[in-house]
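A short write-up of the structure that comes next.
Residue numbers count from 1 along this sequence.
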Amino acid sequence: MAEMMDPEGMDGVRMTWNVWPRTKVEASKCVIPLAASISPIRRHSDIPSLPYAPLKCRTCVAVLNAFARVDFAAKIWICPFCFQRNPFPPHYHMISETNLPGELYPQYTTVEYALPPTVGQFDPRSGAAPPQTTPPPPVFVFVLDTCMIEEELGFAKSALKQAIGLLPENALVGFVSFGTQAHVHELGFSEMSKVFVFKGNKEVSKDQILDQLGLSSRRAPTSGFPKGAQNGFQSASGVNRFLLPASDCEYTLDLLLDELQSDQWPVQPGHRPQRCTGVALSVAAGLLGACLPGTGARIVALVGGPCTEGPGTIISKDLSEPVRSHKDLDKDAAPYYKKAVKFYDSIAKQLVAQGHVLDLFASALDQVGVAEMKVAVESTGGLVVLSESFGHSVFKDSFKRVFEDGEQSLGLCFNGSLEINCSKDIKIQGVIGPCSSLEKKGPSVADTVIGEGNTSAWKLCGLDKSTCLTVFFDLSSTGSNAPGTVNPQFYLQFVTSYQNPEGQTLIRVTTITRQWVDTAVSTEELVQGFDQETAAVVMARLASLKMETEEGFDATRWLDRTLIRLCSKFGDYRKDDPSSFTLNPYFSLFPQFIFNLRRSQFVQVFNNSPDETAYFRMLLNRENISNATVMIQPSLTSYTFSSPPQPALLDVASIAADRILLLDSYFSVVVFHGMTIAQWRNMGYHHQAEHEAFAQLLQAPQEDSQMIVRERFPVPRLVVCDQHGSQARFLLAKLNPSATYNNANEMSAGSDVIFTDDVSLQVFFEHLQKLAVQS
C-alpha cells in the first residue's frame, strides 16, 4: 500500500518505460519516448546522510554506488558504468563484507553526502588553527512596481513587510522600486533615504550599473557579503551599502515602505503608465553581480502591469492598442514580442552565469509579460505566481509560503547542478524543466536535442523539494547491446549538488538500474513496465515544448496520431474489426489521459492569454508526476448523505441535485453544490439541531478543500459555487460532455447538460478503436 501512496519512492524517479528495448529501431516502435521524471532533492525519511565527500570513478567520474562490484581483499571496486577497476583510498581501509560504507548498502540507491565546510589556510606565523569559513548568507533583492493604484500598492507593501519579518536574521536584503525610472535604495545609509536613479527608457549594461552604484572593481575592492563590522561600523564601499542583514534593516525598510508612494510621473488620459520593468530587473541582476561568486541569491519581483518603457517593453503606452494575444503571436503581429524575449534571454544568461534566481509574482487584471519573462524565470529555476490582485489569497498566501519555515517551508535551495551518468549506448537528448544547459559534451550526449540539450550537466540556480525535471533518452544506433550480450541490466545515475538554505553544500546521488529486454521476441515485459501517468505527463510536456518552438505545430493531431500508433502496436484486436479491440490494463487509462490533455489549457490555448499559457506550462514542467497528472486530468470527489466521500467520474453525469462535488484541477479547487443542497443551505437548515447530518455534509468538502489549498504552491484559487450559478463554469469546463444540448433528452433528472460541440470520451474512444484496427 505504501508503494501505491508514494510511487516515486526513495529515488524520486519515475520512467515512461521501466524496461527498455535494446535497439534504437525497437525503441522507436515503442511510440512513447524513453524518458525519466526526476525530483532531484525530494525529501524522504529513508535517505542516509553521509558526512564525507563521494568517491568517483577514475575514467567516467560516476560516483561509487550500491551496484558497484567490490573486491574486499584487493580493496578495489568496479564501476558499473564503464567497468573501470578503481582502488579504494586509504581512509576506506576498514571496509569488509560486514563493515560497509553507507553508499554500498544495497537498499540505499539514493544517498546524500554532506560536505564539511571548507577550511581556511593554516597560519604558520601565529600557529593559529585555520578558521572554518562560514558559508555566505542567502541574498534577497525585492523589486517592487509602484505604477499601481494606492490600494494595490498597499497590499504589496504589507506582503513585503511580512516577508522581511519572516526571513532568517542573517539573510541579506536589497530593495529596488520602479515606475518610470528604477530606484536602488541604499539601505546602509540610515540617516536619510538615499536613492540611485536609473533612466527607464534605455538599456544599461552590468558594468554601467556597477559603475553608477560605485561598485565597479576600478573604484573599490568589493566585498561579496558583509565581512562583519570593522571598528564597529561596516565598510561603506562595498555592496553592503545596498545589501543588509534582515535584522539590521527591517526598521529602515518598514519606514521606507510606509513613505513609498505610487509612481508620481503624470499619465496622459488614454495612456498606460510608463513602467520600466526591464531596466529594474537588469539593475537588480547587476547589483547581485557585485556579490561574491557562490552566493545564493534571489530577485523577488512584484509586478502589477505590462512593461511600456525601455528594454523588455511588451506594449505601447497607447491604451487603444490591446496587449498581444495568441492569435497575434501566431500571425507575427506582436511587434514587441521577439525583442522583449531576446532581452529577457540576455538577463537569463547573466543570472545563470552568476548562479542567481528570478522569482516573479505578477498580479494584474491584464497581462504583465509573463510570456516574455518565462525564459528568465524558467532557466534560473525561479518561482512564478500569477493572480488578479495583490490582495487576492492566491498571491498573499503563496508569497507568505515562500518565506515560511517549518513544515510548510518550500525548502528553497541555491546554486545547484545536475550531472547524469549512464551505461554505454544510452544517450541523453535533453531536459525539460527549470534548468539551463552547462554545455558539457561527452559520449553520452545525443545528436538530437529536446529542451535543454547538447550536454550531460545542467545548472539549477534555484531548486526546492518539489522541483522536477524530465530527462529524454535515446539509444545509440550502433548498439553493441545485441540480444543475448552480457549485460541484462543498464544503469542511470543522477548527481545533484546544491546549497541548502543554511548555505551547506550537499550532494544527492541516485543510482537506478532497469532491465534491457529483447522486444523483437516478446513485448510482454515491456508492456508490464509501462507507467501510464508518467507517459501522459511526458507527452504533455513534449507537446507544450513543440507548440512553443515549432512553427505551425498542430498538437491535437500529433497527440491523436501518437495514441493511434500506440493502440495499434499494443492493443489486442482482429484487423478491421473495431468491436474486437481491447487494451491491456497497463494501457487502459492512457487514452483517457490523452482525451483530457487534448481539452486542457496546455493544448487549447483559445480563451487563455499568452501570459496564462506560459504560467500553466512553467508549472506543468516543474511539478512532480502526481501533481502534473491532476493538471491534465482533474480529480473529482462526490459527497452525499448515503455514502462517505468517494471518487466520481470526471463526467457531467456525476452532477446531481442532492450531491456536493469537489473538483481539484490543481490551479483551482471548486466546491460545487447541487441544486437541492443549495436550496436547503439558503433556507438555513444546517443551523437547525435536527439537521446536523446536513451541516456535516456541507462542512466535509470545505475542510478537504482547505487541506488541498494549505499544502499546495502556488496556492490554488478556491471557488465555491452552486449548480446553474455563474461560477459553475469552473467545473463544467473540465467535465466530459457525455450530455450536451444534442442529447439532453437522455439525461437523468437533476443532472446537467454542457453546451458544447466537443466530442465526448465515448465518441473519442469509438473513433480511436476504428482507426487503431485499420490494416
Side-chain angles (χ1 to χ4, degrees), residues 151-152 155-156 158-159 302-305 359-368 370-371 374 377 383-402 404 408 410 466 596 599-602 604-623 626-637 639 650 655 660-673 678 698 700-735:
E151 185 188 20
E152 279 291 298
F155 288 136
S158 68
L302 281 71
V303 183
D359 297 325
L360 178 61
F361 293 86
S363 295
L365 289 167
D366 201 358
Q367 302 182 68
V368 303
V370 178
K374 176 176 188 275
V377 176
L383 304 169
V384 57
V385 176
L386 188 61
S387 60
E388 291 168 10
S389 147
F390 285 114
H392 198 290
S393 64
V394 170
F395 165 74
K396 286 200 301 198
D397 298 347
S398 303
F399 195 67
K400 187 172 157 216
R401 278 283 303 278
V402 175
E404 268 180 342
Q408 290 297 307
L410 299 179
S466 66
N596 284 299
R599 302 182 68 220
S600 72
Q601 66 270 43
F602 304 113
Q604 300 299 334
V605 295
F606 176 76
N607 215 6
N608 282 328
S609 67
D611 271 16
E612 287 171 311
T613 302
Y615 174 61
F616 295 144
R617 285 179 180 162
M618 277 194 270
L619 288 173
L620 173 73
N621 288 347
R622 64 164 292 147
E623 281 300 329
S626 324
N627 283 344
T629 309
V630 174
M631 296 180 196
I632 296 166
Q633 180 169 303
S635 67
L636 192 64
T637 311
Y639 299 79
L650 193 64
I655 294 178
I660 303 177
L661 294 175
L662 173 65
L663 175 91
D664 177 8
S665 67
Y666 195 84
F667 302 103
S668 53
V669 174
V670 184
V671 179
F672 175 94
H673 302 96
L698 281 180
Q702 296 288 352
E703 284 170 2
D704 291 352
S705 65
Q706 283 306 325
M707 201 168 82
I708 295 171
V709 168
R710 264 202 311 277
E711 288 180 354
R712 185 165 297 163
F713 182 90
V715 172
R717 174 191 186 132
L718 182 60
V719 178
V720 180
C721 60
D722 298 339
Q723 191 175 357
H724 307 311
S726 70
Q727 294 210 303
R729 65 183 191 278
F730 282 99
L731 173 73
L732 296 178
K734 297 289 181 188
L735 299 180

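The backbone N or O of I632 lies less than 3.5 Å from no partner atom in the side chain of N596, so there is not a single donor-acceptor pair. At distances below 3.5 Å, at least one donor-acceptor pair connects side-chain atoms of S398 with backbone N or O atoms of V715. A distance-only check finds a donor-acceptor pair linking the side chain of R401 to the backbone of R710 [under 3.5 Å]. When atom types are taken as modelled, the side chain of D611 and the backbone of V368 share a donor-acceptor pair closer than 3.5 angstrom. No side-chain donor-acceptor contact under 3.5 Å links Q706 to the backbone of E703. Using modelled atom types, one side-chain atom of R599 and one backbone atom of L735 make a donor-acceptor pair closer than 3.5 Å. The backbone N or O of C721 lies less than 3.5 Å from a partner atom in the side chain of H673, making a donor-acceptor pair.
Residues V385 and F395 approach most closely at CG1-CA, 4.5 Å, considering heavy atoms. Shown here for L410 and V402, the closest heavy-atom pair between the two residues is CD1-CA, 3.9 Å. Heavy atoms only, all atoms of each residue included: M631 and L619 are closest at CE-O, 3.6 Å. Annotation for V630 and S635: closest pair CG1-N, 4.5 Å, computed over non-hydrogen atoms. Of all non-hydrogen atoms in P610 and A371, the two that sit nearest each other are O-CB, 3.8 Å. Taking both residues in full, the closest heavy atoms of S726 and R729 are given as O-NH1, 3.1 Å, listed atom of the first, atom of the second, then distance.
Side-chain contact between I655 and L732 is present, with at least one heavy-atom pair separated by less than 4.5 Å. For the pair T637/D704, no side-chain contact is recorded, criterion being any heavy-atom separation below 4.5 Å from C-beta on. You'll find the side chain of S705 reaches within 4.5 Å of the side chain of L718, heavy atoms only. Counting heavy atoms from C-beta outward, L360 and L386 have side chains that stay 4.5 Å or more apart. L731 is listed as a side-chain neighbour of L636, based on a closest heavy-atom distance under 4.5 Å. In this structure, Q702 and V720 have side chains that are in contact, with non-hydrogen atoms separated by less than 4.5 Å. Looking only at side-chain heavy atoms (C-beta outward), E404 and K400 come within less than 4.5 Å of each other. By the 4.5 Å heavy-atom criterion applied to side chains, R712 and Y666 are counted as neighbours.
A tilted orientation is assigned to the rings of F667 and F616, their planes being inclined by 30° to 60°.
Note: L662 CG to I708 CD1 = 5.0 Å, rounded to the nearest 0.5 Å. The line from OH of Y615 to OG of S609 is 12.0 Å long, rounded to the nearest 0.5 Å. Taking OG from S600 and CD from Q633, the interatomic distance works out to 11.0 Å, rounded to the nearest 0.5 Å. Rounded to the nearest 0.5 Å, atoms CZ (F672) and CZ (F730) are 13.5 Å apart. With rounding to the nearest 0.5 angstrom, the CD atom of Q727 is 10.5 Å from the OG atom of S668. Annotation: the span from R622 atom CZ to S466 atom OG amounts to 5.5 Å, rounded to 0.5 Å.
For T613, the side-chain contact (heavy atoms from CB on, under 4.5 Å) criterion is met by H326, V605, N608, R617, not counting sequence neighbours.
Screening K396, E151, E152 for a side-chain hydrogen bond (donor to acceptor under 3.5 Å, both in side chains) involving S389 leaves a single residue, E152.
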